[in-house]
Novice: 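So that we are looking at the same thing, I have put the structure below in structure tokens.
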There are 2 protein chains.
Amino acid sequence: MATINEIARLCNVSRTTVSRVLNNQPYVSKEKREQILHVINQLDYTPSGLARNFRAKKNYIIAISIPRIDHPFFAQLIKGAVSFNALEKNYKVLIFQTFYNKKIELKVLDLLKKKEIDGVILCSLENKWGLIEPYLKEGPILLCNEYHDSAPIPIIGYDEFDASYKAVKYLIKKGHRKIGFCYDLSYSQAQKERKAGYLKALSDYDLPYVDEWFFGKAFNIEDGLRIFEELINVKEKPTALYTGNDQVAAGVIKKAILSGYKVPDDLAVIGYDNQLICEVTTPTITTIEIPIIELGQQVVLELLKHIEEGVELKREVMKLPTKLIIREST
Amino acid sequence: MATINEIARLCNVSRTTVSRVLNNQPYVSKEKREQILHVINQLDYTPSGLARNFRAKKNYIIAISIPRIDHPFFAQLIKGAVSFNALEKNYKVLIFQTFYNKKIELKVLDLLKKKEIDGVILCSLENKWGLIEPYLKEGPILLCNEYHDSAPIPIIGYDEFDASYKAVKYLIKKGHRKIGFCYDLSYSQAQKERKAGYLKALSDYDLPYVDEWFFGKAFNIEDGLRIFEELINVKEKPTALYTGNDQVAAGVIKKAILSGYKVPDDLAVIGYDNQLICEVTTPTITTIEIPIIELGQQVVLELLKHIEEGVELKREVMKLPTKLIIREST
DNA sequence: CTAATATATGGAATCGATATCATGTCAACA
DNA sequence: TGTTGACATGATATCGATTCCATATATTAG
């Protein structure tokens, strides 16, 4: 493997001069510059990124941790995060799937401490904040699509409270008085926001809050199939279900129809995310549209601002707007 | 930031001794070892990964390039690739989306040359092989879910020819004599294998090959919607369509039903991948099941074999088996 | 009791680049 | 003609670890 020293030796110059050429710096005579470039080409030499990064104390890598990639929401988020902003600025993006595992999240943060990555975007929060906070001194950490009451860092998401409120209010206006709610993990702050929006809508219209209408572990199509089964075994069945997830909505609808239910007449269903799946089911799915790609792009830009320009981290909550998309399932 | 030198100074030992402790090497007295560990804890010191990797001339990073992540097939492939095998061996996985862009693929290979990554898995092939081959001397490169006639490297995929043959033969046995075929990109070798399987089945049963029954750019649900429109404008309409993609199949079926077609009576449709979407559409979708997760896991294991054990690259074609899953759309 | 060996420790080189500083040359200007 | 400043170049230190080699001491074997 050729190194800068070999190039220097072959050209009878010091490595300083070669380094100047490599970095397009002035103060190298035209002849030397050309000769050096020629030899570099001949040997097919490329400076070692390993050495450069070591010298610069930067690896030009950022990490994003998400629960799992095989869910369209996170896939799109990643697509937004990786597209152009990062690559153009020569940053690489490491994707970590936590699978809801605390240890993996800490492993990512350890990489920050070891200086193997330059910054972290957490799209879920598995550990207590107290465990994460100490890593703030190692490098910038941002929260995306997840919320925390007091973390002194930028938090980028969308208005989950408002989205839920809008969806549930719409169901109420349609005449529903028994509205179910799905969630994936109860400990997520973002989920709590959603739940708060749901509860606010109920109380604004004097509707009851019923424990049996809460359905957990709602994440994918299979969960939707299961949740419909749970739903019909409830004493007082809801007439509408706010699933918080298009995949879950699709599963619920599928199973409902297989069981002879009419959607939306017997059961109205609302999804979340406005994924393509909403348009291929029968009936098509009413849902909440959220600007996922923009979310991914923005959060990377924000992180790079802190890495590149050294802007100090501070608490800053950004909530992108959402939109109710009405289709046939309600 | 604490370094090994500070630890050494504070403990009145040489950095060699500290290094020995860090790497669990013998020949350090118990007292010194304990004292050093104590100071390390006090200062919350972690060795710089940057420096270590530089020294080791390895970055413990592998890269996977895929066309795009927001397609369930690639999302699952990535899930398989990242899960455990890589992380357990302390390797990180960089994901690059080429978006079918030659330059991005070359950028990934350049990272190999710069030693910023230790190996590459290509899940699509955008550039001519002649442009990729020179990078083989920089580090191991594998092909996954993509095929090449002569590349002297391991190629891991599944039997696309056989899968297509099975699917088309099944349609023929069901009485279809006009069978359409969808493809996403014509230059992909893997696509050619599929097409060959399709053609073989046709010729084995003396069925004609009709140019109009080929539909291109078939990748996602929207493409499916469009392709149905194209299909009904063909003079002699196919009665069955082998879409090569579950999303496309879902789109075609949706549009067919909206247009008053009966599936499978008026048009039979077969997907590919056996994604969850197959089970929530009406009708459910007949498809080809492929072991995606295993594919991802295997290819990473294979790559690590070459990186860690220095096993030489050589041509080696592995084809995992597929399975026809029959549902309502045929 | 000496020779051989195992244990303990540190000095210095090294990995491949960049940055700082010193030095030398040449032209412009007062 | 001496001073100043732009240009050209290289020697050397440095980043933070690991590794090789030398040396000193303790332990065991013969």
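Any value given below was found using the heavy atoms of this structure, including those in side chains, with hydrogens, waters and symmetry copies removed. First the proteins, then the strands, lettered A, B, ... as listed; each starts at 1. Note that the coordinates shown come from a computational prediction; the quantities given were computed from them, not determined experimentally.
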Novice: Reading DNA chain D from 5' to 3', where do the contacts with chain A start and stop? Cut-off is 4.0 Å to heavy atoms.
Specialist: D/dC7 to D/dG16
Novice: Could you pull out all residues at least two apart from B/Y147 that satisfy ring pair (Phe, Tyr, Trp, His ring centres under 6.0 Å)?
Specialist: none
Novice: Just to verify, what does B/K137 make a side chain to side chain donor-acceptor pair (under 3.5 Å) with, not counting sequence neighbours?
Specialist: A/D44
Novice: Is the OH atom of B/Y60 crowded by more than 12 outside heavy atoms at less than 6.0 Å?
Specialist: no
Novice: C/dC15 P sits how many Å from A/I4 CD1, rounded?
Specialist: 14 Å
Novice: I need the CZ-P distance between B/F54 and C/dT18, as an integer number of Å.
Specialist: 11 Å
Novice: Considering only nitrogen or oxygen atoms on both sides, find all protein atoms under 3.5 Å from nucleotides 12-14 of chain C and state each distance.
Specialist:
unit_1, atom_1, unit_2, atom_2, d
C/dT14, O2, B/R55, NH1, 3.4

Novice: So which pairs with a foot in residues 104-144 of chain A pass ring-ring contact (aromatic ring centres under 6.0 Å, His included), sequence neighbours left out?
Specialist: A/W129-A/H148
Novice: Can you sort out the partners of B/R15 under side chain to side chain donor-acceptor pair (under 3.5 Å), two or more places apart, ordered by chain and number?
Specialist: B/N5
Novice: For C/dG16, does either OP1 or OP2 sit under 4.0 Å from a side-chain N or O belonging to A/S48?
Specialist: no
Novice: Should A/V39 and A/Y45 count as side-chain neighbours, where that means a heavy-atom distance under 4.5 Å?
Specialist: no
Novice: List for me each residue that meets side chain to side chain donor-acceptor pair (under 3.5 Å) alongside B/E6, sequence neighbours excluded, and say none if there are none.
Specialist: none
Novice: Do B/K92 and B/L94 touch side chain to side chain, with heavy atoms closer than 4.5 Å?
Specialist: no
Novice: To the nearest 10 degrees, what angle separates the axes at the start and end of the helix from C/dC1-D/dG30 to C/dA30-D/dT1, five pairs each?
Specialist: 50°
Novice: Going by salt bridge (Lys or Arg N to Asp or Glu O under 4.0 Å), name the pairs with one or both residues in residues 21-37 of chain A, residues two or more places apart or in two chains.
Specialist: none
Novice: I need the residues from residues 20-39 of chain A with at least one non-hydrogen atom less than 4.0 Å from DNA chain D; give them sorted by number, or say none.
Specialist: A/R20, A/Y27, A/V28, A/S29, A/K32
Novice: What closest approach, in Å, do B/L320 and B/Q298 show between heavy atoms, and which atom pair accounts for it?
Specialist: CD2-NE2, 4.4 Å
Novice: Strictly by salt bridge (Lys or Arg N to Asp or Glu O under 4.0 Å), give each pair with a member in residues 290-308 of chain B just once, sequence neighbours left out.
Specialist: B/K58-B/E308, B/E302-B/K305
Novice: Taking only residues two or more places apart in sequence, or in another chain, which ones meet B/E126 in a salt bridge (Lys or Arg N to Asp or Glu O under 4.0 Å)?
Specialist: none
Novice: Take atom CG of A/N5 and atom C1' of C/dT18, then tell me their distance rounded to the nearest Å.
Specialist: 12 Å
Novice: My understanding is that only one of B/L303, B/D118, B/I61 makes a side chain to side chain contact (heavy atoms under 4.5 Å, CB included) with B/Y91; could you say which?
Specialist: B/D118
Novice: Between C1' on C/dA17 and CD on B/E116, what's the gap in Å once rounded to a whole number?
Specialist: 13 Å
Novice: A/K57 NZ to C/dG16 C1': how many Å, rounded?
Specialist: 16 Å
